[in-house]
Amino acid sequence: MVIFQPITTEAALGTDDSGSSNVGTSEFVRLYNSAAAGTEHLVTLNSSDGTDLGTFSLEGLDTVIIRKATTDKLFAANAAVLACGVRVITPVKSH
């Protein structure tokens with residue numbers, strides 16, 4: 001578990017490169033897939049010039065916090081993926 005503070009409003013990610021967002025130039029971004037469990041959506045991280053840096057699938061109803069450069073942008077295969085810029089307060093160690 002990670003303790004975080006939201007620093008932007010949560011909004012749906014765009015669904016292609018032209019709709020990608022740097023999420024308020026946030027370094028850390030919380031992503032939530034609001035689709036039903038079992039519904040994965042691909043998330044793409046790209047540089048400010050549109051070059052794909054990486055992709056991953058986010059399971060329905062799952063949340064993840066990723067780290068990116070402030071100029072990097074995100075988009076998802078479906079607008080069910082919501083993004084919010086966050087400040088990570090502290091990682092909580094699991095036992």
- [ ] With side-chain contact (heavy atoms from CB on, under 4.5 Å) as the test, would you mind laying out the steps for Thr63 and Arg30 before giving the verdict?
- [x] CA-CA 7 Å; Thr63 299; Arg30 176 188 180 265; 3.4 Å; yes
- [ ] Apply salt bridge (charged side-chain N to carboxylate O under 4.0 Å, His left out) to the pair Glu27 and Arg87, showing each step before the final yes or no.
- [x] CA-CA 8 Å; Glu27 179 181 6; Arg87 179 176 297 112; over 6 Å; no
Is the shortest side-chain heavy-atom distance between [X] and [Y] below 4.5 Å?
| X | Y | answer |
| --- | --- | --- |
| Val43 | Thr55 | no |
| Glu59 | Thr39 | no |
| Leu58 | Val64 | yes |
| Leu74 | Val29 | yes |
| Gln5 | Ile89 | yes |
| Phe56 | Ile66 | yes |
| Asn33 | Asp62 | no |

Open item on the list: Looking only at side-chain N and O atoms, does Thr44 offer a donor or acceptor that is under 3.5 Å from a partner on Asn46?
Closed with: no
Quick one: [atom1] on [X] to [atom2] on [Y], what's the gap to the nearest 0.5 Å?
| X | Y | atom1 | atom2 | value |
| --- | --- | --- | --- | --- |
| Leu45 | Asp52 | CG | CG | 8.5 Å |
| Leu42 | Thr15 | CG | OG1 | 12.0 Å |
| Cys84 | Glu10 | SG | CD | 6.0 Å |

Flag yes if [X] and [Y] sit in one hydrophobic cluster, no otherwise; membership is Ile, Leu, Val, Met, Phe, Trp, Tyr, and two members link when side-chain heavy atoms are under 4.5 Å apart.
| X | Y | value |
| --- | --- | --- |
| Leu53 | Val23 | yes |
| Leu61 | Leu82 | yes |
| Leu31 | Phe28 | no |

Which heavy atom of [X] sits nearest a heavy atom of [Y], and at what distance?
| X | Y | value |
| --- | --- | --- |
| Phe75 | Gly14 | CB-O, 3.3 Å |
| Ser18 | Asp16 | OG-OD1, 2.8 Å |
| Gly50 | Asp17 | CA-OD1, 3.9 Å |
| Ser26 | Gly85 | OG-CA, 3.2 Å |
| Leu13 | Ala83 | CD2-CB, 3.6 Å |
| Asp72 | Ser48 | OD1-N, 4.5 Å |

- [ ] Check for a donor-acceptor pair, side chain of Lys73 on one end and backbone N or O of Gly19 on the other, with a separation under 3.5 Å.
- [x] no
- [ ] Apply the test side-chain contact (heavy atoms from CB on, under 4.5 Å) to residues Val86 and Ile65: give CA-CA distance (whole Å), side-chain angles for both, the deciding distance (0.1 Å), then the verdict.
- [x] CA-CA 8 Å; Val86 298; Ile65 294 177; 4.2 Å; yes
